[in-house]
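Structure first, commentary second.
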Amino acid sequence: MRPKKSSCWCTLVLSAVVLTVSSSNLLLPSCSALQRRPSSPLNNGVPSSMNHHGSAAAVSNVHNSNPRELQRSTINDDKQLSIRGGGDSIIPQTQRRKLVVLLVATALFNDMLQLTMLLPIIHTLISSPPPLGVTTNKEVALGIFFASKDICQMSFAPLAAILTSKTSANTALIVSTVGLGLATFVFAEATTFWQLLLARGAQGAASAAVMCGGMSLIAETHPQNIRGSAMGLAQTGLAFGLLCGPLIGGLLFQRLGRRRTFRLAAGIVLANAAAMVGLMGLAPPERTEQKEKNGKKSSLVASSKRLLVNHDILAVTASTFIIHAVLGVIKPLSQVVLDTEFGMTMMKRSFVISIATVAYFITAPFSGWLSDRMSRPRLVALSLVLMSGSSAFFALRHLGIWAFYTCVALLGVALGVQKSSSTSLLADLVDKHELGEYSVVYALSDVADSLGLIIGPIVGLWLSQVFSHSVGVLAIGALCLLLAPVVLRIQ
């Protein structure tokens, strides 16, 4: 009777995931009311309690200052700007923006934590007796399991853009976090391999909405001159989840077992979603004037059509695809190389791979801060050069283990630079060309991300089998160098 009960639980939870996404449109009136709460009689949300001279000066500055002066004065203006939140509290705009970054970073942390907690566990689950495990073709089953996440994330990215556009970025972030928690709960109650596979796919679908909604929320609430720093800080949540996931998953699995481990993880994610609802109700995110302008001018369909033929957008998206393709081919080959050529144990191999995660964790906020102070296309081009350098050091590993360490470190640095600078650059291009919805461009970037992780290993591993391990990595790494000049042409 136990398996039937667990199977019923899985069916109910997966149905709840579908109902959660389907009913998200019902949240539109309340969330739109929160996001577009009317401000005080003065423009830009300045409270009416300000004296007449201060408000008149602000209006005069808006009309008479040139764009560069306006950009420099944004931070100073934000320090004076206060908007009434829930209850009787007054929450400054700068604090609201910090809260947005914290919420997005937490969502990305939970997303990556749930995805990577399975790394030390899944082999044990698949090797267990049927129906939870498989008896034949375990390697194929393992490959299908990990590929299902990227395939579902890529497939659901357009739907995530529609959800974000039709409701709001904060609604999409909350709904996707709830979906992620429910999908994680399925791992606790699953009784068959197909239920594990379905739960992994549901995690990928929720991950698409987390990324799309989170990045759109930051783009909507942060002006161009501080957007890069916000994007970089949010990315640290993703890196921290990637770093902690395998460790936390392994420790909890040994002490609590599978069911209690994933029940606890699901409960934490759902509690995070509840906290998001409360905090966004207290201080609903406010869109920038540029976002309001873009949103009024174009529909989702028109925005998508113009975005897909914009050469600048496609160049940045191509950089995302190529960098993740290199990552996708180095990841599996690194395990083989460290085992066969350097004779490292599994623990030492995990330590070497963690170098890339630490480098990404350190680089992401710094490159985000840097992107607010220098050309963002140059930073994206720099990330492509760094990634090609990583592939070159992979080919030079015969010189010693230090070359492989350098390869892994450069990989993490390149990924951190590219993630922070490209996400802010994409938002800038949407504003510049008046393409409308940020969600569409982040959905396109998410598709490129997942497609690179799918196609990269297929092409790279095939070249490695036909020629050598180095050829597959070098071939894709060379594409990074070819694309760098194209990105530099973006104005």
Any sub-3.5 Å donor-acceptor pair from Thr406's side-chain atoms to Trp402's backbone N or O? yes
Let me confirm one number: the CE-OG distance from Met154 to Ser207, rounded to the nearest 0.5 Å. 13.5 Å
What's the shortest heavy-atom distance between Val210 and Ser176, and which atoms? CG2-OG, 3.2 Å
Under the side-chain contact (heavy atoms from CB on, under 4.5 Å) test against Cys407, which residue among Ser334, Ser391, Ser390 passes? Ser390
Tyr360 side-chain N/O to Val417 backbone N/O, donor-acceptor pair under 3.5 Å: no
Rounding to 0.5 Å, atoms CD (Gln153) and CG (Leu453) come to a distance of 8.5 Å
Would you say Asp372's side chain and Ser229's backbone share a donor-acceptor pair under 3.5 angstrom? yes
Other residues, nucleotides, ligands: >12 heavy atoms within 6.0 Å of Phe404 CZ: yes
Closer than 3.5 angstrom, by distance alone: can the side chain of Arg373 be matched with the main-chain N or O of Trp369 as a donor-acceptor pair? yes
Taking side chain as C-beta onward, heavy atoms only, is Leu102 less than 4.5 Å from Lys98? no
Show, in sequence, the C-alpha distance, side-chain angles and deciding distance for Leu108 and Met215, and conclude whether the side-chain contact (heavy atoms from CB on, under 4.5 Å) test is met. CA-CA 10 Å; Leu108 292 176; Met215 294 298 100; 4.0 Å; yes
Give me the atom names and distance for the closest heavy-atom approach of Ala315 to Val486. CB-CG1, 4.1 Å
Taking all atoms of both residues into account, what is the closest heavy-atom pair of Gly241 and Thr116, and its distance? O-OG1, 3.3 Å
Is a side-chain donor or acceptor of Ser421 paired with a backbone partner of Ser371 at a separation under 3.5 angstrom? no
Please report the closest heavy-atom contact between Val269 and Gln114, naming both atoms and the distance. CG2-NE2, 3.4 Å
Would a distance-only check, ignoring hydrogens and angles, find a side-chain to backbone donor-acceptor pair under 3.5 Å from His222 to Ile218? yes
Tell me, do Val178 and Leu270 make a side-chain contact under 4.5 Å, heavy atoms counted? yes
Quick one, Phe394 and Val337 - any side-chain contact, counting heavy atoms below 4.5 Å? yes
Closest non-hydrogen atom pair, Ser439 against Ser216: CA-OG, 3.3 Å
Where the side chain of Ser450 meets the backbone of Val447, is there a donor-acceptor pair that is under 3.5 Å apart? no
Can you tell me how far apart CZ (Phe109) and SG (Cys244) are? Round to the nearest 0.5 Å. 5.0 Å
Do any N or O atoms from the side chain of Ser155 and from the backbone of Cys152 form a donor-acceptor pair under 3.5 angstrom? no
What pair of heavy atoms forms the shortest contact from Thr164 to Ala169, and how long is it? CG2-CA, 3.7 Å
At what distance, to the nearest 0.5 angstrom, does OG of Ser422 lie from CD1 of Ile323? 8.0 Å
Less than 4.5 Å apart, side chain to side chain, heavy atoms only: is that true for Gln418 and Leu386? no
Distance-only, no hydrogens or angles: does the Thr423 side chain make a donor-acceptor pair with backbone N or O of Ser420 under 3.5 Å? yes
With side chains defined as the heavy atoms from C-beta onward, is the minimum distance between Leu113 and Ile268 less than 4.5 Å? no
Do Thr171 and Ser168 have side-chain atoms, one donor and one acceptor, less than 3.5 Å apart? yes
Can you tell me if Phe366 has over 12 outside heavy atoms packed within less than 6.0 Å of its CZ? no
Is the shortest side-chain heavy-atom distance between Leu252 and Ile248 below 4.5 Å? yes
When you measure from the side chain of Ser165 to the backbone of Ile162, do you find a donor-acceptor pair of N or O atoms at a distance under 3.5 Å? no
Kindly determine whether Leu399 and Leu396 satisfy side-chain contact (heavy atoms from CB on, under 4.5 Å), including the steps that lead there. CA-CA 6 Å; Leu399 297 177; Leu396 295 173; 4.1 Å; yes
Full working for side-chain contact (heavy atoms from CB on, under 4.5 Å) between Val352 and Tyr405: CA-CA 7 Å; Val352 172; Tyr405 288 158; 3.6 Å; yes
Short N-O contact, Asp428 and Arg376, less than 4.0 angstrom: yes
Among Thr363, Thr320, Asp449, the one residue meeting side-chain hydrogen bond (donor to acceptor under 3.5 Å, both in side chains) with Lys419: Asp449
Taking the side chain as C-beta and beyond, is there a heavy-atom pair between Asn272 and Thr177 under 4.5 Å? yes
What distance do Arg306 atom CZ and Leu435 atom CG have between them, rounded to the nearest 0.5 Å? 5.5 Å
Taking C-beta and beyond as the side chain, do Val316 and Asp312 meet within less than 4.5 Å on heavy atoms? no
Can Arg397 be said to sit on top of Phe393's aromatic six-ring, NZ or CZ under 6.0 Å from centre and within 45° of the ring axis? no
To the closest 0.5 Å, what do you measure between OG (Ser148) and CZ (Arg200)? 6.5 Å
Quick one: do Val100 and Leu103 satisfy side-chain contact (heavy atoms from CB on, under 4.5 Å)? Show the steps, please. CA-CA 5 Å; Val100 166; Leu103 290 177; 5.7 Å; no
NZ/NE/NH1/NH2 to OD/OE distance under 4.0 Å, Asp431 and Arg227: yes
